[in-house]
Structure formats: structure tokens, C-alpha cells
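One structure below.
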Amino acid sequence: MQNSRQNPLRTVDLAAMRDEAFQAAVASESGQLLASCYQCGNCTAGCAYTHDYDIPVHQVMRLVQLGHRERALSCRSIWLCATCQACTTRCPNNIDVARVMDVLRHMARRAGHAPEPTVKTFTDGFLASVARHGRVFEAGLAAVFAIKSGKPLQDAGLGPAMLSRGKLAFLPHEPEGQGKAEVAAIFERFYARKKQGGGE
Amino acid sequence: MRIGVMVCHCGNNIAATVDVEAVAAAAREFPDVVFATDHMYACSDPGQKSIEQVITDMKLDGVVVASCSPRMHEATFRRAVERAGLNRYMFEMANIREHVAWISLDRRRNTEKATDLVRMAVEKLRHNRPLTAKSFDVQKRVLIVGGGVAGVQAALDCADGGLDVVLVERKQAIGGIMSKLDKTFPTIDCSVCVLGPKMVDVGQHPRITLHTLSEVEEVSGYVGNFEVTVRKKTPYVDWTKCTGCGACLEKCPSKKVPDSFNENVSFCTAINIPFPQAIPKRAAIDPAHCRQFTKGKCGVCQKVCPADAIDYTMQDEVVTEKVGAIIAATGLDLFDHTKCGEYGGGRYPDVITSLAYERMLSASGPTAGHIKRPSDGKEPKTVVFISCVGSRDRSLDRPYCSNFCCMYTAKQAILTRDHIPDSKAYVFYMDIRANGKGYEEFVRRAQEEYAVEYVRGRVAQVYPQAGPDGPQLLVRGADTLLGTQVEIAADLVVLAVGVEASKGAGSLAEKLRISYDHYGFFLEGHPKLKPVETNTAGVYLAGCCQAPKDIPSSVAQASAAAGKVLSLLSKDKLESDPQIAMVTGNRCIGCGKCERTCPFGAIRMREMRDGSQRAEVVETVCQGCGICSVTCPVRAIQLQHFTDSQLLAEVNALCRTWDETSE
Amino acid sequence: MSVPGNSSASPATPALTNPKRLAYYPGCSQSGTAAEYDISTRACCAELGLELVDVPDWTCCGSTPAHTVDHHLAGALAARNLRQAEATGCERMATPCPSCLAALRTAGHHLHQEAYRAEVEHLLGGPAPQESTAISVLQALVENIGPEAIATAVKKPLTGLRVAPYYGCIMNRPPELMAFDDPENPTAMDRILAACGATVVPYPFKTECCGAAFGMPRLDVMQRLSARLLAMAEECGADVVVVACPLCQMNLDLRRGQVNSAAKADYRMPVPYFTQLLGLALGLPESSLCLDKLVLDLRPALARAEERERKRAEESAAQNGAKPCKPGDASHKEDAPCA
Amino acid sequence: MASDRIEALKAAMAAELGKVDFVLGYARGFDPLHATPVTVRTEKDLAKLIFDPTCVQNLATSLYGLRGKRLGVVVKGCDSRSVIQLVQEGLWERENLVIFGLPCNGVLDLAKVRVKADITSVRSVVFEGEGPDGLENRTVRLLLPGGEKLLPLRDVLADKCLRCRYPNPLIHDHMIGEELEPQGAEDTYADVAAFEKLSTQERFDFWKRQMSRCIRCYACRNACPLCVCKHVCLADSREPHWLSAEATLQEKWLFQVMHALHLAGRCTECGECQRSCPMGIPILLLKRKMNKELKEIFGYEAGVSTEAVPPLHTFLMEEDKIKDRGLLW
């Protein structure tokens with residue numbers, strides 16, 4: 001019996017793999033009844049991003065259901081979900097699948113995973129822009145992203161078309177009143193809270 | 001008064017979480033209790049014997065049994081005390097199983113609560129009076145609502161058993177869904193060939209009165225003596241003259257009427273006989289489409305009818321039938337596939353329901369048994385079946401399994417290959433439920449012999465797309481076993497739509513005073529032990545009105561219901577329940593509120609000699625619901641066996657203990 | 001009495017005391033890359049008598065990225081704007097951008113949960129509003145003005161223009177949250193475009209995702225998804241793809257070169273905002289609709305439609321030549337011979 | 001103007017006197033601030049009639065006990081609702097009743113007057129500014145031993161008058177005087193809603209405090225026009241013995257709850273129960289709570305139409321706002 005622990009067949013030990021704290025955290029942070037998923041696959045069937053996923057969304061749900069924390073949090077799929085809501089809309093069990101994907105991404109961030117670094121760079125850049133200006137400064141964001149992502153020329157070709165059509169503002173369009181300061185304060189409190197929470 | 005108490009262990013059901021000896025000991029201290037004991041199974045033969053014995057030995061004049069729900073064994077114990085010479089209403093039951101033992105594990109508090117319930121029962125019993133049932137004559141006739149296969153079977157069984165049967169069917173002909181089917185699983189029998197002879201028997205049986213195009217309008221009365229009003233909608237054709245020759249159908253100029261028998265895949269005439277084997281084979285006019293009615297002139301059918309049967313001035317007829325029992329067999333409706341926008345139902349003509357496909361497969365159907373897709377009449381080479389459309393879907397408020405879609409889908413996939421040998425069928429499924437005799441083998445045949453490709457997953461989207469030979473439908477789904485998205489270019493998509501309770505089931509249930517669930521399915525008396533009874537005496541269920549079920553189950557339940565009716569009506573007289581309302585004449589002020597609130601029409605006002613009004617209860621109609629009693633401003637109406645004094649005694653018994661424990 | 005299975009139906013619109021006055025939240029894109037959406041929206045609303053009161057001192061709602069990082073942060077960024085909107089005293093707030101709409105409505109939805117509200121109010125540093133009043137400009141036009149009223153206001157019908165209405169993925173989804181139009185087959189934009197006289201082609205990818213914000217971080221993903229949308233529009237025979245979302249527009253229009261090069265295709269159909277087409281139909285000057293801001297020129301498509309319509313009129317005139325003209329005939333062109 | 005109205009009332013009554021056993025009206029009571037019910041049998045009695053804001057009593061209260069007679073009765077707007085309710089419930093026959101309706105802009109709450117002035121030896125009372133011109137300019141002039149006292153009428157009106165929407169009798173054979181515009185604000189049941197906001201414990205304590213003061217005199221019951229089982233009242237019945245004679249909080253409270261429940265869907269909020277309570281217990285609050293529920297759940301208001309079917313006097317399989325199970329079709 002002791003030998004079975006070495007698991008030469010590489011079967012998945014369901015009991016050993018189950019992280020109950022993880023199951024509970026996903027359930028409470030997403031507010032969804034994960035046990036109600038019966039693996040019909042409708043989320044995957046309608047998901048426009050399945051092509052780029054390493055694990056299709058219904059299997060992500062299955063991993064969460066079984067409590068396989070590591071595989072769920074380290075996958076790329078959760079970073080590539082665009083929250084297009086096809087899965088949530090069509091789930092026959094009323095599960096807000098997109099919100100579960102969101103929650104997994106939050107957890108992955110806290111756990112330090114970033115298998116899609118450009119996605120994280122873009123998101124962080126976007127929010128930094130909002131924190132600084134109160135609104136998104138598109139040109140600034142594009143410039144920062146171009147540098148940080150290591151793809152400086154990807155969108156360079158768009159420049160002329162945008163310039164000639166007056167679509168590229170070189171100065172941020174900031175809110176006229178207290179808005180900028182208030183948004184900055186929201187971010188400050190958010191980062192303070194994160195520190196409190198003792199990010200993993 | 002001398003009262004005996006027996007506390008039941010119910011094996012471990014009660015004894016595990018209630019100290020039954022302590023409850024019995026406590027009961028010995030209650031007023032008038034001269035004997036109290038516990039017993040392993042009070043309802044068992046020895047248990048009942050010991051109750052009888054104690055009644056005789058201790059000269060008891062009342063018994064309390066603390067055990068299960070009265071719904072379970074009240075009748076059992078009443079019979080026991082009666083055998084020992086007591087009036088059956090000198091018995092009370094305390095439910096310490098469902099109300100105590102099964103809902104909490106706290107032994108101490110359970111024991112306290114059980115003691116409270118026994119104390120209440122004793123106090124109630126101390127206020128009980130012997131009541132005597134009256135007996136009344138019964139009508140040896142039965143009403144069957146719905147003429148599908150269940151109704152047909154029940155009608156034949158009852159009639160063969162010697163009862164007169166009234167069969168009411170909403171449509172023009174009997175046969176229901178089964179008459180629309182091409183073949184039946186798992187034997188691939190011709191559906192209408194099996195059903196047809198039974199339908200003919202119904203039409204010819206001397207004991208069966210058939211009302212088609214009819215609906216039950218009102219039901220009054222009670223078990224043994226129901227009075228049912230049936231509205232017979234006018235067919236505008238005198239059916240005593242009509243011979244079903246069909247001459248009118250040929251000449252009718254209004255030929256573009258959606259043919260509901262063919263699931264609106266094709267058209268029929270405004271005067272119509274729905275299908276060749278129809279019983280009764282009589283023509284009826286659909287006034288919504290008949291030119292005589294819509295335009296005010298035509299009269300063609302009247303001119304061509306050789307029997308002179310057409311009468312545009314005919315009116316609905318209302319008939320009253322007196323029956324002793326009723327069987328509801330109202331069947332099912334199909335889920336509305338247009339609610340599933342992702343499949344394009346209702347938007348794309350080549351996305352059809354399974355029943356429409358069934359009509360297409362049928363030799364008597366709109367395409368004479370040739371599969372042609374609706375958009376261009378082409379023979380499809382790739383047919384995709386999607387299971388669970390409107391079943392097992394909480395987002396559509398249809399969480400239940402529709403029971404037979406897996407099977408008919410396998411059948412239709414097989415028939416597709418039978419009709420078009422070079423075709424390919426795909427089935428998107430979540431689970432295959434094939435739990436009848438020969439069912440699993442049938443599904444395996446579809447997969448192995450007919451190469452039907454089963455894809456485990458749901459479909460997210462169907463949309464039109466240009467194919468090599470003209471327009472096709474792209475079906476995008478998932479194969480969860482592969483873990484990928486899959487797609488198939490299909491020529492025809494068949495939605496295996498689920499089952500819903502028949503529209504109007506709720507209102508019929510209310511007329512019959514039976515319960516129905518959230519989805520409109522009628523509730524059986526007990527899910528295990530009373531599967532064909534309802535909680536209203538004399539009303540029984542058969543077929544899909546109770547839950548989705550396939551043909552053999554419907555037929556079995558229909559025969560069971562018929563058996564129940566035959567046994568009920570084998571008696572010449574039935575006993576009435578004495579637990580009914582009674583008016584104390586000198587208290588009644590004649591305001592008439594009780595008459596207005598009584599849901600059963602069981603109260604009438606009577607003029608006294610001094611001209612004043614007094615309420616009076618019609619004993620055989622009263623169901624003992626007690627609404628009148630709470631409505632009466634001066635408490636002149638009391639419900640026997642549940643009088644104010646009796647209830648108050650229980651409340652006081654409970655509150656007194658509450659006072660003591662809370663201080 | 002409730003009808004089961006009809007959960008997708010939007011709840012009855014509450015009776016509005018002033019349906020012609022709305023708070024207006026433009027959103028960041030509309031002051032930058034999608035300025036033409038903002039400008040044409042304002043022009044159409046003004047023309048149709050819909051008063052837009054700018055939300056004072058508005059800030060970013062959190063849009064797509066915030067919720068992917070933290071739900072409370074997303075809630076706080078959105079709630080601040082909901083609070084600002086309350087100051088206008090309007091019953092509802094319209095926003096042209098579906099992404100903003102989703103952020104604003106999601107926040108309003110979750111603010112009903114106490115724990116969530118508490119955390120959001122902590123981040124916000126003050127009380128959050130009770131409800132989200134946000135709707136899309138599209139919804140405002142359909143519900144507060146109505147296709148019938150729009151049809152009567154149309155001065156230059158877009159007759160002959162074949163349009164593929166593309167709603168984007170989150171305009172109507174999920175239905176419980178957005179509570180507007182059908183999630184699988186939305187028709188609000190169809191009805192407005194039909195009222196403008198355009199021919200709406202049955203476009204099956206109305207709600208399929210275009211790649212959303214992945215244009216920057218994962219261009220390849222966005223290229224594949226957008227190409228699919230354009231291929232389908234072409235198959236449907238559309239002259240233009242009409243959009244209601246700045247992100248969709250950017251992916252399909254500005255990034256067209258990138259999409260075409262990845263797909264090895266040469267899709268040329270323009271991608272105007274529905275408000276631009278509506279403005280044209282209402283007879284507004286092109287300058288007030290900023291047609292020149294579209295990367296793919298709209299004018300050839302309009303010219304093609306006009307030409308097609310002219311030919312059609314000629315043909316039907318030739319056919320009708322033999323028969324006497326009936327009043328109320330299908331042809332309603334003023335230059336038709338029977339007029 | 002007031003005198004015109006009394007003359008009109010007398011004239012109308014005189015014409016009916018022969019056809020009824022007697023008419024119930026108001027006469028001056030033991031002091032100028034009190035009115036008292038009077039039975040008018042002959043023309044001579046007509047002289048006693050008065051009508052002013054001191055006519056607080058709801059004369060419909062006496063009706064049920066006089067069943068079988070043919071009567072006339074003077075009613076204000078609020079009182080008429082009690083009559084409607086009696087007729088609707090089959091407790092009085094409409095044809096045996098001649099109703100003299102008097103539009104009314106409010107009656108006094110003597111408790112409120114007492115707070116403002118010592119009225120034990122009031123010598124005279126004059127109501128000034130009478131007429132349909134609203135409450136604002138109306139005053140009560142009291143002649144007291146210590147001199148005159150002028151009170152704004154609004155300050156001393158009964159609470160029910162401040163939210164009165166039926167100043168004109170809703171049922172009548174003779175309408176005496178001009179109909180008035182309602183002066184009361186829409187009744188939002190704000191008082192009940194405010195009370196509901198308290199915690200269960202606070203509400204429990206409140207009623208414990210109030211009910212402990214009840215002396216079980218049953219004045220509330222006897223003053224209620226719709227408490228029709230007076231002769232067989234639960235409070236007095238021994239079979240079943242719902243209430244014992246013990247003076248415990250429980251028994252007192254139970255009685256008041258029964259009273260309120262028996263008036264569910266019937267109470268017209270005439271306020272006689274609370275007015276007649278010698279201990280000043282706010283028992284009308286219980287009844288208003290019931291009426292608030294009635295309004296919210298059934299959209300029903302008692303005593304407005306003799307033809308209405310009260311929601312608790314009928315039986316429906318499905319109620320719109322009570323979801324005890326899902327219904328499909």
C-alpha cells in the first residue's frame with residue numbers, strides 16, 4: 001500500500017490534489033456554485049479564445065471543481081479570457097464562468113504567475129495610466145507598452161493613419177475637477193490594502 | 001377520561017435521536033393518561049395488537065400514538081382502535097419522526113420537543129368527541145381527461161372492466177403525440193399501427209362516450225359523485241351526419257392553413273380531418289382560416305358535402321357528466337425551441353424540432369416519408385441532432401431531464417440512415433439516459449451499426465454558412481472528451497426539444513383541486529407508494545401530466561390508474577369524512593361571508609321561519625378545509641375534529657411548556 | 001404571472017418622468033481614438049431632441065483591465081462615476097461605450113452585496129450609490145426615442161446600403177446584467193438602421209468577440225478573431241460593418257492592415273459607428289459626424305449603394321413600363337417614373 | 001354658514017322622521033367642548049342637533065346593536081366608511097338606513113387641546129374661519145376662566161383628520177352642505193414604517209410597556225363600529241376559553257392582537273378604539289400596520305365601496321403578490 005504513494009502510473013490522486021481552501025476561496029470570491037457545473041462544454045463550445053488557450057475553459061472549471069490549484073492558476077487561459085461573456089450567457093447552470101476566470105486571474109497575480117507577460121504588462125500599464133491621469137492616456141499607454149513589452153514596432157504602422165485623422169492626442173485629456181486626485185486616492189488605498197493583505 | 005400513549009421507536013428512525021422511554025415516562029404524568037409505553041414498531045402487527053390489547057385491558061377511551069406522519073399511518077391506527085371498540089376519532093397521532101427525529105440530531109431537545117408534541121396530542125384528545133361517517137351512493141362512471149395513449153389505455157381498461165367511460169379530448173381526434181410518431185424505440189414499430197387499433201376500439205366501445213374538440217370547464221362534487229361540465233367546441237359540421245368521406249377537404253379553397261398535426265411543417269385546408277386514421281374520422285372547420293368566417297362568403301364545403309353535414313351556424317355545446325372518478329391524462333407540450341436563440345430556432349428554417357422531423361419521417365407526413373429540409377426541399381446528407389434543448393437547463397428554468405429524448409434521438413438518427421443511406425448523423429449529448437428494457441442496446445446499435453457519431457458536449461452556436469453545394473448550417477460545439485471546440489457543417493439541425501407540462505395544466509389542476517409543481521406537472525399522492533393517486537380522493541393520474549415519461553411507462557400508469565378506479569368504484573357506497581364544517585345555528589348571524597369564501601361551494605344560506613338567514617353546510621361537498629371557520633365573524637362555524645377548543649387545547653399545552661422552560 | 005424560461009427578456013423599462021434628458025458619460029476612448037463616436041452621438045441626440053448632460057468631472061470607469069486585476073478596484077473606479085452621475089439629477093446615464101457600460105452596470109449589480117459595498121466604499125473613501133443607472137446610448141435611442149420616431153426624422157434615407165450590424169460581445173451580455181435586447185440575436189441597432197432606410201443583412205456574428213483589448217498584448221489573437229468577423233460580413237454581402245463599440249471599431253478599422261496581412265486578405269469594407277450612419281440619415285453635415293476620422297473611407301460604399309439603388313429603380317421602372325402605375329407601389333423613390 | 005347647515009340637516013331629518021324609528025345625531029354634551037349622541041324621534045328633538053369639530057364620535061358604532069330597526073344616522077366622511085363596511089359585510093341592510101352625510105374638515109383631539117389649555121371649566125368654544133378654504137386660517141377660540149385662548153385648529157385636530165382623504169361621506173341619502181376638498185396629506189403610513197425600522201427587541205419592549213397599562217376595560221372593543229361579536233366575543237367566551245381572566249401581560253396583549261387580526265381588511269381607521277382608551281394606548285398603530293399590509297399586498301382599502309370584495313373574505317387559488325408557489329400558466 002505504501003508503494004502506491006510513489007504512483008508509478010502517474011494517475012492523479014484526487015484526494016491528495018484537492019486543495020479545499022482554494023475551492024472555497026474561488027467559490028466565495030466569485031460567488032458561484034461551482035458544484036453545479038456538469039461539464040457540458042457549452043462554455044468551451046462558444047469561447048472565441050479556445051484556439052489560444054492551453055486548457056479549454058470547461059476543463060479550467062473542472063480543475064477548480066476538483067481543487068487542483070496549481071494547474072488552474074498557472075495556466076495561460078485565464079490570462080487570455082477577454083470576458084466576452086459568451087460562457088456566462090450560455091451556461092445552462094447559471095454559472096458566471098467569466099467571473100470565475102476573473103477570480104482565477106486575481107489569484108494567479110497574487111501567486112506571482114504571469115505566463116502571458118504582455119497581457120499583464122498591458123493591464124498594468126493601463127491602470128498606471130488611469131492612476132496617473134484619472135483617465136486613460138492612450139498615446140502614453142501605447143508608448144509605455146511598446147517599450148515594456150519588447151515589441152516597440154508592433155503598432156508603429158498605425159501612427160500615420162492616426163495622426164492624419166487626428167486620433168492621436170499627445171497630451172492626456174484629464175478630468176477638469178477633483179477627479180484626478182480622487183482616482184489617485186482610490187489607487188493608493190487599493191495598494192495599501194494589498195500590502196495589508198500581505199500579497200503572496 | 002382514560003388515555004393510553006404509545007411512543008414508537010420506528011426502528012432507529014426515531015429512537016436514534018429521541019429518548020422514547022423518557023417521552024413515554026413523561027406522558028404518564030399528563031392528565032388523564034393512565035398508560036404509556038414505547039414500542040419498536042407501533043404500526044407492525046404486534047404493535048397494533050398491543051394497542052388493541054391495552055384498550056381492552058385498561059378500559060381506555062382514547063389513544064395517542066407518537067410515531068410518523070399521519071399521512072403515513074393515521075388510517076392504520078384508526079382501524080386498530082376501531083377493532084378494539086373505540087370510535088376512530090378518539091385517536092390522535094403525534095408526528096415525532098418527520099417533525100422531530102429527522103430534522104435534528106440534538107437528542108435532549110428532540111426528546112423535549114417530542115414530549116411537547118405528545119402533550120399537545122393528549123390535550124387535543126381530551127377534547128375529542130366521537131364522530132360518525134355517513135355513507136353515500138357512487139356513480140359507476142369515470143371521466144378521463146386527455147385522449148393520448150395514456151387516456152386511450154385507461155379508457156379501454158375501465159370500459160372493459162365494466163365502467164362507463166367519458167373520454168374528453170381537446171383536439172379534434174384522439175391519439176395524442178403517439179399518433180404523430182413515425183416509429184417507436186427500441187423496436188422500430190410503426191407507431192400508428194400499434195396505436196391505431198386501440199383508437200378504433202375506443203371509437204367503437206359501447207361503454208365509451210367520446211367528446212373530442214372538448215374541454216373540461218368545471219368540476220364540482222367529490223369522490224363518487226363528481227359533476228363535470230364539458231364544453232364541446234363546435235366543429236361547424238354535424239358529426240352525426242358527417243361520414244369522413246373527405247370531399248370537403250378536396251374542394252376547400254383555403255389551403256394555406258398551417259397544419260398543426262404536422263407541426264406546422266406543411267399546410268392543410270380550413271376544413272380538415274387531421275390524419276387518415278383519425279378517430280373520430282370527422283371533418284371540422286377552423287374558423288380562423290375559413291373564408292366563410294373570415295370573409296363572410298364561400299360556402300364551398302357546404303355545397304359539396306354529400307351528407308349535408310356542414311352548418312356554419314352551429315354553436316358550442318355544454319354537456320354535464322356525472323362520474324365517480326376522474327383520471328387526468330393531459331399529456332405534454334414541447335419546449336418552445338425559439339427560446340434558444342443560439343441554435344437559431346425560429347430564425348433558420350433548417351433548424352427544426354424533433355417532432356417536426358418525426359412528421360417528416362412518417363409515411364403519412366407532409367413529405368410522404370422523404371426527408372427534405374424546409375429551406376429548399378433538398379435531401380440532407382449531414383444531420384446534426386442536439387440533445388437537451390430545454391432539458392437539464394436551469395437558465396431556462398427547465399432543470400429536469402425530459403426522460404425520453406435520448407432514445408428518440410437515437411431512433412431518429414437510425415431512421416435518418418435508413419432513409420438516406422449515404423447520410424451521416426451526429427448527436428451532441430451530455431449523458432445518454434437509456435435505462436429501459438433494450439434501450440442501451442438500441443443506442444449501441446445506432447453507434448455501431450448505423451455509425452451515428454456521438455459527440456459528448458453541448459452546442460454553443462448554429463449559423464448559416466455557404467457550403468460546397470449551397471447553404472449549410474455551421475454547428476459549433478465542444479467535444480469535452482477531446483477537450484476542444486468542434487464544428488460540423490450540417491444540412492439539417494434537429495433539436496431534441498424537452499417536455500413541458502401541457503399548457504392549461506395548471507388551470508385543470510385547480511378545477512380538479514389537485515396539486516401541481518412549479519413546472520405544471522401534477523403531483524402524485526406519494527412519490528413511492530401512491531404514484532397514480534393524487535391528494536384529492538377519486539382523482540388519478542396517467543402519463544406525462546405527472547412527469548415526462550415514454551410510451552410504455554405512460555401505458556403502465558394508465559392501466560394502474562384504471563385499476564385504482566375499478567377498485568374504488570367496485571363498492572356501491574362510499575363513506576363520507578365526518579371532519580367537516582358544522583354551523584351552530586343560534587350563533588349564526590346570517591352575514592353570508594362563509595358562503596362567499598367557501599372554495600367548494602359547500603355552504604348555502606337557508607331562510608328561517610322568522611325570515612332571517614342561516615348558513616348550512618352541504619356535508620357531502622364540504623372538504624373540511626376550515627376557511628369558513630376562520631371567516632365567520634362570530635365563530636358560528638366549527639370544523640369537526642379541529643374545533644377552536646381542540647386547537648386551543650393544543651396551543652395551551654404547547655405554550656404552558658414554553659412558559660415553564662423559558663423561565 | 002411569470003413565464004418560465006423567458007429569463008432573457010429584459011425587465012419592463014420603468015416609466016421615466018423625463019425620457020428626453022440623460023446624463024452622459026463619454027468614456028476615455030471617446031475623448032481620444034474614438035472621438036468621432038462621441039461627436040456623432042452628441043450630434044444625433046441633439047437632432048433627435050435627446051438632451052445629454054455631461055457627467056461632471058468624470059474619470060476612467062476601470063474599463064476592461066480593472067476587473068481582471070481586482071473586483072473591488074473595478075467597483076470603486078466605476079462607483080465614483082455613478083456618484084458623479086447622480087449629481088446631474090438625471091434618471092439614467094447613457095454611455096456610448098459597451099466596455100464602460102459593462103463596468104458601470106457590473107459595479108451597480110454587485111454593490112447590492114454588503115461585503116462588496118463595504119470594500120468599494122473603503123477604496124472610494126465615501127458612500128457608493130445604490131443603483132447603477134447606466135444604459136447604452138443605443139438603448140437610450142431605442143427606448144427613449146424609438147425607431148418609429150427616428151424613421152420620421154430621417155431626411156436622407158440610406159436606401160440601398162447593405163449593413164452588417166455588429167454589436168460586439170458585451171453590449172447585451174450577460175442578459176441578467178445588461179437587461180437589454182436579445183443576447184443571441186440583438187436587434188436594437190438593426191431597428192435603428194432599418195429606420196434609417198438601410199438594408200440590414202442577417203449577420204450571424206452580431207455578438208462574437210473581435211479580440212477586444214488584445215490588439216496590443218496579443219495582436220495575433222485579435223487578428224484571427226477580427227478577420228473571421230470581416231469574412232462573414234463579406235459572405236453576407238454587406239457594404240459596411242456597423243459598430244457600437246470603440247474597441248471593435250479600432251480592431252476592425254484602424255488595425256485593418258494588421259488583420260488583412262495576417263489573414264492574407266484584402267477586406268475593404270468600412271466600419272462606421274451606427275451614430276455616424278444615423279447622423280447621415282438625419283441629414284446632418286458630414287463634418288459634424290467626423291466621417292474623415294474613419295481609416296477606411298465610407299464614401300465609396302455610399303456611392304455603391306446609391307448606384308445600386310439607381311439601377312434597381314431603373315429596372316423596376318422598365319418592368320413597370322408595361323403596367324399602369326399603382327399608387328402605393330413598392331417603389332417609393334421620388335425619381336421613379338410613376339411618382 | 002354653520003347655522004345654515006344645521007337648518008338644512010333639521011329640514012332633511014324632519015322629512016324622514018316618519019319613516020324611521022329614530023335618527024342618531026349629535027347634541028351638545030356636558031360642556032362646550034363635548035358633543036354627545038342623541039336620538040331624534042320627534043320634531044321637538046331636532047332643536048338639540050349640533051354639528052361642529054366637537055362631534056368626534058363615530059355614530060356608526062351604535063348601528064350593529066340596533067339591527068332590525070329602521071334608522072337614520074348622521075355621518076362624517078370617516079364615519080361613512082364604517083357604514084359602508086357594515087353594509088358590505090352584510091351586517092346592516094342598506095335599505096333600513098337613512099344616511100345624513102355631513103362633509104367635515106376635521107374634529108378635535110381633546111388630548112391635544114388639554115396639552116395647550118386647562119379646559120376643565122371651559123365656558124365657550126368658537127370655531128372661526130369655517131368653510132372650505134383649507135385649514136390654515138381656522139382657529140379655535142376658547143373662553144376659559146383665566147381669559148381667552150386662541151388655538152390654530154390644525155394643532156388640535158385628530159391625527160386621522162390630518163391625513164383624511166374622505167372629508168365627504170362616501171355613502172349618503174342626504175348630503176348636507178357643500179362637498180369639501182380633502183385637506184389631508186396622502187397617507188404614506190410613514191408612522192408605521194418608522195416603527196417597523198426599530199429592532200424587534202425595541203418593538204417588543206414598546207408593546208410590553210404599552211400593554212402592561214391595559215386594564216381590560218374593553219372600551220376599545222365597545223367603541224369599534226365593526227367589532228360585531230360583542231355578545232360572543234372571544235374575550236368573554238368560555239368555550240373555547242381563549243382568554244383567561246388573569247390580568248397578565250400575555251392575556252392583555254393577546255386580546256389586542258386578536259382585536260387587530262379580526263379587523264384585518266375591515267378597519268377603516270376611524271380611531272374610536274384609541275380615542276376611547278382611558279389609558280391612552282396607541283392601539284390604532286396595530287390596525288394601521290394591518291392596513292399597510294393590506295394596501296401593499298392586495299391594494300385594498302376597507303370601507304370605500306359596498307360592492308368591493310375584501311381580500312380576506314374571498315378565496316383565490318393564486319394571489320398576485322403572494323408567491324407561495326410558482327405558477328406557470
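Numbered from 1 within each chain, the chains take letters A, B, ... in sequence-line order.
- Counting non-hydrogen atoms of other residues, nucleotides and ligands closer than 6.0 Å to CZ of A/Arg165 gives a total above 12.
- Pairing each heavy atom of B/Ala478 with each of A/Gly41, the nearest pair is CB-O, 3.2 Å.
- In this structure, A/Tyr38 contributes its side chain and B/Arg392 its backbone to a donor-acceptor pair below 3.5 Å.
- The heavy-atom pair separating A/Asn42 from B/Val459 by the smallest distance is OD1-O, 3.5 Å.
- Here A/His58 contributes atom NE2 and B/Thr484 contributes atom OG1; the two are 8.5 Å apart, rounded to the nearest 0.5 Å.
- Judged purely by atom type and a 3.5 angstrom limit, B/Gln485 uses its side chain to pair as donor or acceptor with the backbone of A/Cys47.
- Using a 4.5 Å cut-off between heavy atoms, A/Cys87 makes no contact with chain B at all.
- In this structure the side chain of B/Arg456 reaches within 4.5 angstrom of the side chain of A/Gln39, judged on heavy atoms.
- For B/Leu105, the CG atom counts as loosely surrounded, since its 6.0 Å shell holds 12 or fewer non-hydrogen atoms of other residues, nucleotides or ligands.
- Contact of B/Gln461 with chain A is made through the side chain alone, with heavy-atom distances under 4.5 Å.
- What you find for B/Thr480 and A/Cys40 is that their closest heavy atoms are CG2-O, 3.7 Å.
- The local environment of NZ in B/Lys381 is crowded, with over 12 non-hydrogen atoms from other residues, nucleotides or ligands closer than 6.0 Å.
- In this structure, B/Gly477 and A/Ala45 approach most closely via the heavy-atom pair C-CB, 3.3 Å.
- Atom-to-atom distance recorded for A/Thr44:OG1 and B/Leu482:CG is 12.0 Å, nearest 0.5 angstrom.
- Residue B/Glu487 places its CD atom among more than 12 non-hydrogen atoms of other residues, nucleotides or ligands, all under 6.0 Å distant.
- You'll find the side chain of A/Pro92 stays beyond 4.5 Å of the side chain of B/Arg394, heavy atoms only.
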